[in-house]
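Residue numbering restarts at 1 for every chain, and letters A, B, ... go by the order of the sequence lines.
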Protein chains: 2
Amino acid sequence: MSSSNAIGDSTFIQQRNLVEQVADYLTQAIIGQKFAPGERLSEVQLARDLGVSRAPVREAARLLESRGLLVSQPRRGFFVRALDAAELNDIFDLRLCLERHAMARLVENFDADKEERLRNQVEVMCEVASGDSESRKIEEDLVFHRMVISFSGNRRLLKAFDDITHELRLCIALIGKTHADPDSISTSHWLLLDALASGDPERCREAVDYHIGVARDYVVQGIGETAP
Amino acid sequence: MSSSNAIGDSTFIQQRNLVEQVADYLTQAIIGQKFAPGERLSEVQLARDLGVSRAPVREAARLLESRGLLVSQPRRGFFVRALDAAELNDIFDLRLCLERHAMARLVENFDADKEERLRNQVEVMCEVASGDSESRKIEEDLVFHRMVISFSGNRRLLKAFDDITHELRLCIALIGKTHADPDSISTSHWLLLDALASGDPERCREAVDYHIGVARDYVVQGIGETAP
DNA sequence: CGATTGCCGACTGTCGACAGCTTCGATTAC
DNA sequence: GTAATCGAAGCTGTCGACAGTCGGCAATCG
């Protein structure tokens, strides 16, 4: 994460692959709703706009396809992923599956250090809850959940979570808002922390089910309002 | 491998993308132990051997990287994924997570049709258990588990399972053998079916835990023998 | 004799170009 | 007026080529 390059970030960016830069640009553009869901993306036009050739664009598009932000049709090109309510339900169901497992593993090896770091993150989220941008709130929320998965000790589980993270950002962006109540976000996460601190697996599972259930219902309802 | 036209010589080869064909070839080569774990793959050499240009090779390699069969280092190229015991444990732990969830969802909506199709598949596995090739046994086993996930109704869960399927094939191929006892494979799967038919979620969970646990212990033990 | 430096070969990252396919609008037949 | 047809434009799939970079080897210096 921290750049081991003592020179600075400017050279680091210069040395980065064009593929990654294009992928970042496309990711931000899709999350930022610069493209409509289902819209077709032209490789040549993207290459022209970004001042690069088609090769990096193609590879970046393939990368985003594997992340679920784009879908490709042979001989037709890439399209922005369009999510319906059913797919949204599936994504949150998978997230529930992963986070249940992570919590169950984490509660077996919970310690003071992990508790403190999670507590600090929740406090960051509380500070951000009112005032900062929506995307900032989302990112800090994802950081917390990623920490939980990471602390569970299973790196492959973390990769699976990172995979659906991109789709989560997409569908959260689609409904254009996060939590209705800025307080609910903090209380809900304190609940998760308390469950972990109690050491009770059943309580952890209940806390996760409640937390993910609320988020899913909110997003699915938001999608229903957006595109009925 | 073959010097020229290793992928295919018919005229209809153009109907499928070269990327997919190269990806299939590379997948079979990696699963078939034609490349050593950690071995570096040269794009130009692969392109020469397959009689195509580097572009399809690069895109296929990126695809296999997303599937966990290759890893890439910037400016250095692609390397065959090498799995250690810890990663193997993580993979089977994630598989346990996914299959537990699928079984829990499936037992809620289990019906006679699904039961019959799963039963037929287990019978196929029993027929194949003694005599056919190892890869055939593995594939039929994966078909059964994929059916369970598929019947659960969550397509995103199925995609997550397909993602780790490639890694499962890799690590199973690494140890070079499947189940020690050809009978254990059938009894273990009948146990899963009976648990589903009983409609008891707790019994389903126990059956999955036992099934995946046996498979994990066997593979992890096999890896320990292969590369201690 | 060990460490450093310069060089060489090979490789990856990127580019522009061509062929075949897809799409969409104009045209024509009914 | 409608529907099918045809053609042009744009697109993707694929290719060969060039430049910058990395790793290894040898020559040089302490």
Side-chain angles (χ1 to χ4, degrees), chain A residues 3-8 10-26 29 35-36 38-66 69-82, chain B residues 2-26 29 35-36 38-66 69-82:
Chain A
S3 72
S4 55
N5 195 348
I7 299 177
S10 57
T11 57
F12 185 70
I13 291 196
Q14 287 283 59
Q15 286 181 351
R16 274 194 0 178
N17 291 344
L18 279 186
V19 175
E20 289 183 28
Q21 297 183 46
V22 174
D24 285 349
Y25 169 82
L26 280 179
F35 301 122
E39 180 177 345
R40 179 176 179 175
L41 298 185
S42 165
E43 297 176 7
V44 281
Q45 188 169 344
L46 280 175
R48 267 201 302 265
D49 293 347
L50 299 176
V52 298
S53 82
R54 280 176 52 218
V57 173
R58 281 178 65 89
E59 295 195 17
R62 291 238 175 227
L63 189 62
L64 265 67
E65 182 188 14
S66 75
L69 294 183
L70 295 177
V71 292
S72 75
Q73 296 183 19
R75 299 271 175 198
R76 297 212 43 216
F78 293 91
F79 300 80
V80 177
R81 173 90 177 272
Chain B
S2 314
S3 56
S4 65
N5 252 343
I7 289 184
D9 36 30
S10 311
T11 53
F12 68 88
I13 66 168
Q14 294 292 354
Q15 289 184 355
R16 273 182 63 194
N17 290 345
L18 281 185
V19 175
E20 289 183 28
Q21 298 182 51
V22 175
D24 285 349
Y25 168 82
L26 280 180
F35 300 123
E39 181 178 344
R40 178 176 178 175
L41 299 184
S42 166
E43 296 175 7
V44 281
Q45 189 169 343
L46 279 174
R48 267 199 305 264
D49 293 345
L50 299 176
V52 298
S53 82
R54 281 176 52 217
V57 173
R58 282 178 64 89
E59 294 194 16
R62 290 231 176 234
L63 189 62
L64 265 67
E65 183 188 13
S66 76
L69 294 183
L70 295 176
V71 292
S72 74
Q73 297 182 20
R75 300 267 176 203
R76 296 218 39 216
F78 293 92
F79 300 79
V80 177
R81 172 90 177 273

Sorted by position of nearest nucleotide on DNA chain C, 5' first, the leading residue of B:V44 and A:V52 is B:V44

*Does a nitrogen or oxygen in the side chain of A:R75 sit under 4.0 Å from OP1 or OP2 of D:dG13?*
no

Of all heavy-atom pairs linking A:V19 and A:A60, the shortest is O-CB, 3.6 Å

Rounded to whole Å, the CD-P distance (B:Q45 to C:dG9) equals 19 Å

Rounded to whole Å, the CG-P distance (A:L50 to C:dC15) equals 11 Å

Separation of C:dT22 atom C1' from A:F78 atom CZ, nearest Å, is 16 Å

- Message: Determine whether a donor-acceptor pair (N or O, by modelled atom type, separation under 3.5 Å) exists between the side chain of A:R40 and the backbone of A:R76.
- Response: yes

- request: Verify side chain to side chain contact (heavy atoms under 4.5 Å, CB included) between A:L46 and A:L26, making sure each step is shown before the conclusion.
  value: CA-CA 9 Å; A:L46 280 175; A:L26 280 179; 4.0 Å; yes

Atom CG of A:L18 and atom P of D:dG20 are separated, to the nearest Å, by 14 Å

A:A82 meets the side chain to side chain contact (heavy atoms under 4.5 Å, CB included) criterion, sequence neighbours left out, with A:P37

Rounded to whole Å, CZ of A:R40 lies from P of D:dG10 at a distance of 13 Å

When rounded to whole Å, the CD to P distance for the pair A:E43 and C:dT22 reads 15 Å

Here the distance between atom P of D:dG10 and atom CG of A:L41, to the nearest Å, is 18 Å

- Task: Would you tell me if any nitrogen or oxygen in the side chain of A:S53 comes within less than 4.0 Å of OP1 or OP2 on C:dG16?
- Result: no

Distance col, row A:R48:CZ vs A:S42:OG, nearest 0.5 angstrom, shows 6.5 Å

Looking only at heavy atoms, the pair that brings A:R54 and A:V44 closest together is CD-CG1, 3.4 Å

- Could you please spell out the steps behind the side chain to side chain contact (heavy atoms under 4.5 Å, CB included) verdict for B:Q21 and B:L18? CA-CA 5 Å; B:Q21 298 182 51; B:L18 281 185; 4.1 Å; yes

Within residues 54-64 of chain A, the residues having a heavy atom closer than 4.0 Å to DNA chain D are A:R54, A:R58

A:L46 atom CG is separated from D:dG10 atom P, nearest whole Å, by 17 Å

